[in-house]
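Notes for the one structure printed next.
Values in this document were obtained by computation on a predicted structure and should not be read as measured data. Along the sequence shown, residues carry numbers from 1.
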Amino acid sequence: MPKDGGIIGISDHGGWAVLVTVSRAGALLDRRRVELVDDSLPALPHHHEGQGLPVDEAVALVERVRASAERHAMLALDAVTLAVPRIAGVALRSLPQLPPTIPERLKDYRARNVADWVMYRQALASAAEARGYPVHWYDAKKVLDEASEVLRGRNFDAYFLNVRRAGPPWNKDHKLAMAAAIVTGSITSWK
């Protein structure tokens, strides 16, 4: 374990996420896929299940999923902290602006298409902040190029291919999460 702590990069989806933890130098410390919602609940309540319900029932469903996401996010970070005891920060995909209330999100077509992902990111951010971990928001469209810059000109794709030798699974979510962690680890104000 590096003395300065690991950085957790996260690539989230509807109801699950990939967490890749690296040292500030970019060495792989941990990787895992975590569930962010109870099996008994829908993963996309804004986008799917809430659409066919009366508004008060849809809001209650979203709130149950949100509470589950918060519990699962805490458990996920607990598990990473067992493997990597010192965490220096967390990187999450940036949040789009949404209407302020659940009923407005359910009604607005664009909002309901992204509100569930935002809910999971917010749960992960809250879990990180509760532990005192700084949260860095990254732009998924730029982070791979930024990771190459941090690696001082080395191509991130080539770097990632070398790291993949640790064995499967490695996919685009792992790649995105690792790039975000590498970029976040380079932020000088966190050193």
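Qualifying side-chain hydrogen bond (donor to acceptor under 3.5 Å, both in side chains) partners for Tyr159, counting only residues two or more places apart in sequence or in other chains: none. Under the rule for a side-chain contact (heavy atoms from CB on, under 4.5 Å), the partners of Arg32 that lie at least two apart in sequence or sit in another chain are Leu19, Asp30, Val34, Ala79, Val80, Ala83. Judged as a side-chain contact (heavy atoms from CB on, under 4.5 Å), and not counting sequence neighbours, the contacts of Lys142 are Asp139, Glu146. Residues satisfying the side-chain hydrogen bond (donor to acceptor under 3.5 Å, both in side chains) criterion with Asp38, sequence neighbours excluded, are Ser68, Arg71, His72. Partners of Leu144 according to the side-chain contact (heavy atoms from CB on, under 4.5 Å) rule, which considers only residues two or more places apart in sequence or in another chain, are Phe156, Lys175, Ala179. Remark: Asn171 pairs with His174 by the side-chain hydrogen bond (donor to acceptor under 3.5 Å, both in side chains) rule, at least two apart or across chains. Taking the side-chain hydrogen bond (donor to acceptor under 3.5 Å, both in side chains) definition, one finds that Glu104 meets it with Thr101, sequence neighbours left out.
Arg31 is listed as a side-chain neighbour of Val20, based on a closest heavy-atom distance under 4.5 Å.
Cluster membership for Trp137 and Ile8, using ILVMFWY side-chain heavy atoms within less than 4.5 angstrom, is shared. At a threshold of 4.5 Å between side-chain heavy atoms, the hydrophobic network of Ile, Leu, Val, Met, Phe, Trp and Tyr places Leu77 and Leu75 in two separate groups.
The minimum heavy-atom distance linking Ser186 with Val183 is given by the pair OG-O, 2.6 Å. Between Gly14 and Ala43, the shortest heavy-atom contact is O-CB, 3.5 Å. Between Pro96 and Val114, the shortest heavy-atom distance links the atoms CG-CG2, 4.0 Å. The two residues Thr184 and Ala91 have their closest heavy-atom pair at OG1-CB, 3.1 Å. Summarising the geometry of Arg93 relative to Ser11, their closest heavy-atom pair is NH2-OG, 2.9 Å, with the distance given to 0.1 Å. Pairing each heavy atom of Leu28 with each of Val22, the nearest pair is CA-CG1, 4.2 Å.
A distance-only check finds no donor-acceptor pair linking the side chain of Arg105 to the backbone of Ala111 [under 3.5 Å]. Judged purely by atom type and a 3.5 angstrom limit, Tyr120 has no side-chain atom pairing as donor or acceptor with the backbone of Val37.
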Going by atom type alone, with no hydrogens or angles, which donor-acceptor pairs under 3.5 Å involve a side-chain atom of residues 124-135 and a protein atom two or more places apart or on another chain?
residue, atom, partner, partner atom, Å
Ser126, OG, Gln122, O, 3.0
Arg131, NH1, Ala127, O, 3.0
Arg131, NH2, Met74, O, 2.9
Arg131, NH2, Asp78, OD1, 2.2
Tyr133, OH, Thr81, OG1, 3.0

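Atoms OG1 and CG, from Thr21 and Leu29 in turn, are 6.5 Å apart once rounded to the nearest 0.5 Å. Expressed to the nearest 0.5 Å, how far CG of Leu98 lies from CE of Met119 amounts to 11.0 Å. The CD1 atom of Ile182 lies 9.5 Å from the CZ atom of Phe160; values are rounded to the nearest 0.5 Å.
Residue pairs meeting the ring pair (Phe, Tyr, Trp, His ring centres under 6.0 Å) criterion with at least one partner in residues 13-52, sequence neighbours excluded, are His13-Trp16. Within the structure, salt bridge (charged side-chain N to carboxylate O under 4.0 Å, His left out) contacts touching residues 44-57 (residues at least two apart or in different chains) do not occur. Residue pairs that meet the salt bridge (charged side-chain N to carboxylate O under 4.0 Å, His left out) test with at least one member in residues 113-124, sequence neighbours left out, are Asp12-Arg121.
Considering Leu61, Val59, Leu53 as possible partners of Pro45, the one that fulfils the side-chain contact (heavy atoms from CB on, under 4.5 Å) test is Leu61.
Cluster partners of Trp117, using a side-chain heavy-atom cutoff of under 4.5 Å among ILVMFWY residues and allowing indirect links, are Leu44.
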